[in-house]
Amino acid sequence: MAAWLVAKNTLKIMPFKLPSLGPHDVRVRMKAVGICGSDVHYLREMRIAHFVVKEPMVIGHECAGVIEEVGTEVKHLSAGDRVALEPGISCWRCRHCRGGRYNLCDDMKFFATPPIHGSLANQIVHPADLCFKLPDNVSLEEGAMCEPLSVGVHACRRAGVSPETTAVLVIGAGPIGLVALLAARALGAPRVAIVDVDEHRLAVARSLGADAAVRVSTHPEDVAGEVERIKAALGGAQIDVTLDCAGFSKTVATALEATRAGGKVCLVGMGHNEMTVPLTSAAIREVDVVGVFRYKDTWPLCIELLRSGKVDVKPLITHRFGFSQREVEEAFEVSARGSDAIKVMFNL
């Protein structure tokens, strides 16, 4: 059985026929699956950008489970192993894959990105090389959290976050902003500030170790004053890197203005497809702007960060549901409502 997206605002638990098990595949019984903002967006709109749901699709991509069967050529995993799953299957033939940037693959097959089925199901079949064994002290829920944590780790890598970074600013204290905060801390950023419009989420950020948490507005005319407040909250420290985990015109403008000359802005969130932003003033200060798309080579590091205790994602899991029709519907309503919900998790 699996949770199928069949129409706008309509999910149905229906039978799911598994593909055959290839020699390099494993069959995994799903145990923990998180709800991502993209899942909610597909449910509401049946599309994200040029990815359009044209026929019923199994939802979900943040996942971990227990291996039930391995293909004939799989040597590093066995039935009973607890694993976290990387959800994107790249072709390994295109120039991006051959160059090591497989997240940009021309033929990526990614869970719950149309027309590829996702992982909110009792069982799935997946390449063994994309299943990573979990240490005994890392739970299956934490394993599922490797997916959002990977976004934060990849963003920090792209932006060059390290112990040499004086200060990092994270814009947006939603699930991705919070894992970006945790990743920046784990990768050695001495000081991390975070901003958001919601005081509850800022309180969560403070509890996770943010050095400063500043409430901001949605009004573009407030950018200059808010940048001054952010810098003051950091004790006047220069912001070397800004991670925009929201992706709106105002947040990008804030990022560009707050980041020091010669610093770097990393665009993580995708709130707007098109934006009007003050690029010229950033260009003359040589502020570099980089983008991120998903992640690459992050699962081993994420698992190690969880194993070692350098990152604790457990406080981010705020709501848990079982796998019934009623609970699936309620879980997506809770996730879409936001408020005190950060990460909604299914236990299958």
Side-chain angles (χ1 to χ4, degrees), residues 36-42 44-52 148 151-152 154-156 158-161 167-181 184 192-202 205 210 212-234 238-294 336-339 342:
C36 174
S38 65
D39 296 323
V40 174
H41 195 86
Y42 276 124
R44 285 174 163 176
E45 305 296 335
M46 297 294 282
R47 70 179 299 154
I48 294 178
H50 62 282
F51 296 109
V52 181
V151 177
H154 184 56
C156 287
R158 287 277 288 154
V161 173
V168 173
L169 170 63
V170 178
I171 299 180
I176 295 300
L178 293 173
V179 293
L181 161 67
V192 185
I194 192 163
V195 302
D196 199 274
V197 298
D198 184 272
E199 185 55 47
H200 172 73
R201 295 202 166 188
L202 291 174
V214 179
R215 188 172 184 179
V216 294
S217 77
T218 58
H219 307 303
E221 61 271 19
D222 294 339
V223 167
E226 288 172 354
V227 167
E228 291 306 311
R229 287 200 291 122
I230 294 164
K231 290 180 177 178
L234 280 168
Q238 287 198 324
I239 296 167
D240 297 304
V241 169
T242 299
L243 308 173
D244 181 2
C245 299
F248 297 99
S249 294
K250 195 224 171 187
T251 60
V252 175
T254 301
L256 294 172
E257 185 164 335
T259 306
R260 67 164 175 82
K264 189 170 286 188
V265 169
C266 184
L267 304 181
V268 187
M270 300 179 185
H272 282 157
N273 283 336
E274 296 183 6
M275 292 180 261
T276 301
V277 296
L279 279 178
T280 302
S281 61
I284 62 176
R285 293 184 295 117
E286 293 194 357
V287 174
D288 293 339
V289 178
V290 298
V292 299
F293 186 59
R294 296 172 178 156
R337 190 164 62 240
S339 184
I342 298 174

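We count residues from 1, following the sequence as given.
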- Item | All side chain to side chain donor-acceptor pair (under 3.5 Å) counterparts of Glu199, not counting sequence neighbours |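 If we apply the side chain to side chain donor-acceptor pair (under 3.5 Å) test to Glu199, skipping adjacent residues, the hits are Arg206.
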- Task: For Ala173, enumerate each residue passing the side chain to side chain contact (heavy atoms under 4.5 Å, CB included) test, keeping only those at least two apart in sequence or located in another chain.
- Result: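 Leu178, Ile194, Asp196, Arg201.
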So, for [X] and [Y], which heavy atoms are closest and what is the spacing to 0.1 Å?
X: Ser217; Y: Asp222; result: OG-OD2, 2.5 Å
X: Leu243; Y: Ala180; result: CD1-CB, 4.0 Å
X: Leu181; Y: Ala205; result: CD2-O, 3.7 Å
X: Ala258; Y: Val227; result: CA-CG1, 3.8 Å

Do any side-chain atoms of residues 280-290 form donor-acceptor pairs under 3.5 angstrom with protein atoms, and if so which ones, sequence neighbours left out?
from	atom 1	to	atom 2	distance (Å)
Ser281	OG	Pro278	O	3.2
Arg285	NE	Ser281	O	3.4
Arg285	NH1	Thr259	O	2.7
Arg285	NH2	Leu256	O	2.4

- Message: Pair Val195, Ile230 - check side chain to side chain contact (heavy atoms under 4.5 Å, CB included), show working.
- Response: CA-CA 8 Å; Val195 302; Ile230 294 164; 3.7 Å; yes
- Item | Phe293 CZ to Met270 CE distance, which is reported to the nearest 0.5 Å |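 Answer for the CZ-CE pair, Phe293 versus Met270, is 6.0 Å.
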- What is the distance from atom CZ of Arg260 to atom CG of Leu169, rounded to the nearest 0.5 Å?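 It is 13.5 Å, given to the nearest 0.5 Å.
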- Among residues two or more places apart or on two chains, list those pairs meeting ring-ring contact (aromatic ring centres under 6.0 Å, His included) that have a residue in residues 212-231.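 ring-ring contact (aromatic ring centres under 6.0 Å, His included) check on residues 212-231 returns no pairs.
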- Query: Which pairs with one or both residues in residues 241-255 pass salt bridge (charged side-chain N to carboxylate O under 4.0 Å, His left out), sequence neighbours excluded?
  - Reply: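 For residues 241-255, and leaving out neighbouring residues, the salt bridge (charged side-chain N to carboxylate O under 4.0 Å, His left out) pairs sorted by first residue read Glu226-Lys250.
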- Message: Does Arg47, at its CZ atom, have more than 12 non-hydrogen atoms belonging to other residues, nucleotides or ligands within less than 6.0 Å?
- Response: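 More than 12 heavy atoms, drawn from other residues, nucleotides or ligands, come within 6.0 Å of this atom.
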Side-chain atoms of residues 261-268: list all donor-acceptor pairs with protein atoms under 3.5 Å, sequence neighbours left out, distances to 0.1 Å.
none

